[in-house]
Number of protein chains: 2
Amino acid sequence: MAARPPLSTAIADRIAARIADGDLMAGDRLPSETDLAEQFECSRATVREALKRLAARNLIRTARGASGGAFVADLTYAAALDAHVSTSTLLLSMNAVDFQTAAEARFALERACADLAVANHQQADLSRLMAAIDTLDGPIDDAAFCAADVAFHRALVDAGRNPVLSYQLAGAVEAMQPLMNMLTYADRDRATILTLYRRIADALRDRDAVAIRAILSELEASMLMLFQTGQSRRNAR
Amino acid sequence: MAARPPLSTAIADRIAARIADGDLMAGDRLPSETDLAEQFECSRATVREALKRLAARNLIRTARGASGGAFVADLTYAAALDAHVSTSTLLLSMNAVDFQTAAEARFALERACADLAVANHQQADLSRLMAAIDTLDGPIDDAAFCAADVAFHRALVDAGRNPVLSYQLAGAVEAMQPLMNMLTYADRDRATILTLYRRIADALRDRDAVAIRAILSELEASMLMLFQTGQSRRNAR
DNA sequence: GCGACATAAATGTCAGACAATCAAATGTCA
DNA sequence: TGACATTTGATTGTCTGACATTTATGTCGC
């Protein structure tokens with residue numbers, strides 16, 4: 001026999017279903033814990049455990065005090081992105097995804113938004129790209145280089161001006177940062193990458209999607225080589 | 001002054017940090033609730049609320065009985081995908097993403113994996129595609145049609161043979177199913193879609209990535225028109 | 001009118017108890 | 001000895017009742 005699942009998870013699922021169905025809308029207030037306990041015929045402690053599960057999933061937020069209580073959360077892109085990134089990061093680290101697979105996925109996704117970026121980008125997007133390039137060109141350590149690198153790629157993704165695409169892609173790109181952080185960049189490598197980035201910015205300005213895709217593929221090859229030489233050096237040590 | 005955040009969230013965060021840092025590895029067992037309560041100098045109820053939060057995030061799983069307890073979860077692609085899909089679905093519904101934006105993102109992502117699918121697909125992938133097409137060709141209702149539709153797209157994505165890409169894309173595709181479910185398919189529409197799907201399968205077999213991308217763009221245009229005619233019919237009613 | 005204070009409602013935390021579950025140790029019998 | 005039943009200990013799940021903390025709101029005195 002399957003072990004009976006805990007009551008608290010069942011309650012959490014029932015409330016979550018009501019939220020997903022639109023039965024409870026964002027901003028709505030749930031009944032108080034005492035009322036819910038009565039409604040579900042269980043103790044307040046059990047209801048609380050259910051509510052904590054929902055809070056952890058960003059489905060509700062709670063406030064203390066009079067006119068406090070549990071409210072259906074107004075899920076923002078930022079909050080969802082946080083959750084997506086943390087889950088993805090953990091997934092990649094736990095399943096020991098190798099660098100090549102991650103890079104392959106990442107650049108495939110980025111090439112996907114080249115068309116949209118070319119079609120929809122605005123001046124602000126180009127400015128963000130250039131700002132990231134300027135940062136990368138300065139005297140910064142590897143961690144800062146990676147962070148600016150992520151900023152560059154996010155700017156490129158956001159240039160597509162499609163929030164759904166940005167959300168999905170930004171999650172993927174940021175989740176892979178720990179893997180990218182394993183790289184160390186020699187001065188010559190940085191110069192190579194920067195050249196490619198400048199060419200991407202130029203191609204975007206010229207609205208040349210084919211070129212962007214090609215440069216991204218070049219970039220992927222460079223990163224892969226960078227990783228492999230770094231690894232062989234580590235092994236030889 | 002900023003209100004002091006609840007103690008239980010602080011404890012949850014501390015444990016989560018230890019997991020993320022690799023301090024606690026997958027499969028490791030956490031101390032018992034009683035021990036943790038002693039360690040964090042709080043009551044067992046507070047520890048429990050913290051653990052429930054972690055469980056909701058798929059970071060730990062708990063088991064009752066002797067040699068039970070809380071274990072660091074071995075996060076699987078399936079579990080992460082579940083979380084990704086449910087968050088994304090909620091995000092799209094709450095933020096009232098319009099059909100066009102969602103479709104644009106979805107097809108851009110799918111076009112991204114055309115190259116990989118062409119390069120890496122195996123016979124099993126083609127079989128799955130054909131099986132989905134056969135299902136779609138049968139006498140099924142709109143909901144089943146949508147489900148089979150998702151199966152087709154997942155098969156296409158999985159043909160890239162890159163688990164990271166599949167995870168990201170499958171999450172995006174499935175999250176958009178509720179939006180796609182708003183469509184109703186007349187017989188003629190189904191025939192149009194099926195024709196395009198068959199062409200995609202053929203192009204994959206012929207390893208023609210350019211063709212796949214083109215057909216996907218055709219498909220996007222068809223879906224968009226389908227949606228718009230449906231909407232104008234609804235408005236005229 | 002306005003600030004200080006009491007009130008009420010809600011979540012957050014605590015303590016202790018009991019129930020349910022499960023694995024391993026232990027006992028029993030052929 | 002070996003297979004099967006039983007006990008036992010550890011652990012999570014749930015309940016109960018209480019108190020602490022936070023916050024909006026009303027009330028009193030001025």
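Just so we're clear, the structure is a prediction, and the values are computed from it rather than from any experiment. Every chain is numbered from 1, with letters handed out A, B, ... down the list of sequences.
The CD-C1' distance, from E49(B) to dT11(C), rounds to 10 Å in whole Å. Atom CG in L36(A) sits about 14 Å away from atom P in dC15(D), given to the nearest Å. For the pair R48(A) CZ and dA18(D) P, the computed distance is 18 Å after rounding to whole Å. Taking atom CZ of residue R61(A) and atom C1' of nucleotide dG12(C), one finds them 18 Å apart after rounding to whole Å. Rounded to whole angstrom, the span from the NZ atom of K52(A) across to the P atom of dG13(D) amounts to 16 Å. For the pair L51(A) CG and dT13(C) C1', the interatomic distance rounds to 16 Å; values are reported in whole Å. Following rounding to the nearest Å, R44(A) (CZ) and dT11(C) (C1') show an atom-to-atom distance of 6 Å. To the nearest angstrom, P of dT12(D) lies 19 Å from CG of L7(A).
For the pair S8(A) and dT14(D), the criterion of a side-chain N or O lying under 4.0 Å from OP1 or OP2 is met.
If you find the closest nucleotide of DNA chain D to V47(A) and to L30(B), the one lying nearer the 5' end belongs to L30(B).
Checking L90(B), V97(B), L92(B), L91(B) one by one against M94(B), the side-chain contact (heavy atoms from CB on, under 4.5 Å) holds for a single residue, L90(B).
Crowding of Q39(B) atom CD: a count of heavy atoms from other residues, nucleotides or ligands under 6.0 Å exceeding 12.
For T46(A), the side-chain atoms get nearest to dC15(D) when compared with the rest of dC15(D), dA17(C), dT11(C). Of the candidate nucleotides dT11(C), dC15(D), dC14(C), dC14(C) has the atom lying nearest to any side-chain atom of C42(B).
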Exercise. Apply salt bridge (Lys or Arg N to Asp or Glu O under 4.0 Å) to the pair R61(B) and D74(B), showing each step before the final yes or no.
Key: CA-CA 9 Å; R61(B) 62 188 162 74; D74(B) 185 12; over 6 Å; no
Pairs of donor and acceptor atoms involving the side chains of residues 168-176 of chain B, under 3.5 Å and at least two apart or interchain, shall be tabulated with distances.
residue: Q168(B); atom: OE1; partner: H84(A); partner atom: NE2; Å: 3.1
residue: E174(B); atom: OE2; partner: R154(B); partner atom: NH1; Å: 3.0

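No donor-acceptor distance shorter than 3.5 angstrom exists from the side chain of N120(B) to the backbone of A117(B), with no hydrogens or angles considered. A side-chain donor-acceptor contact under 3.5 Å links T89(A) to the backbone of V85(A). A distance-only check finds a donor-acceptor pair linking the side chain of N162(B) to the backbone of V164(B) [under 3.5 Å].
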Quiz item: How would nucleotides 2-9 of chain C be written as a contact map, 5' to 3', with B for base contact, S for sugar-phosphate-only contact and - for no contact, using protein heavy atoms under 4.0 Å?
Solution: -------B
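In this structure dA30(C) sits in a base pair with dT1(D), meeting the Watson-Crick or G-U test at under 3.5 Å.
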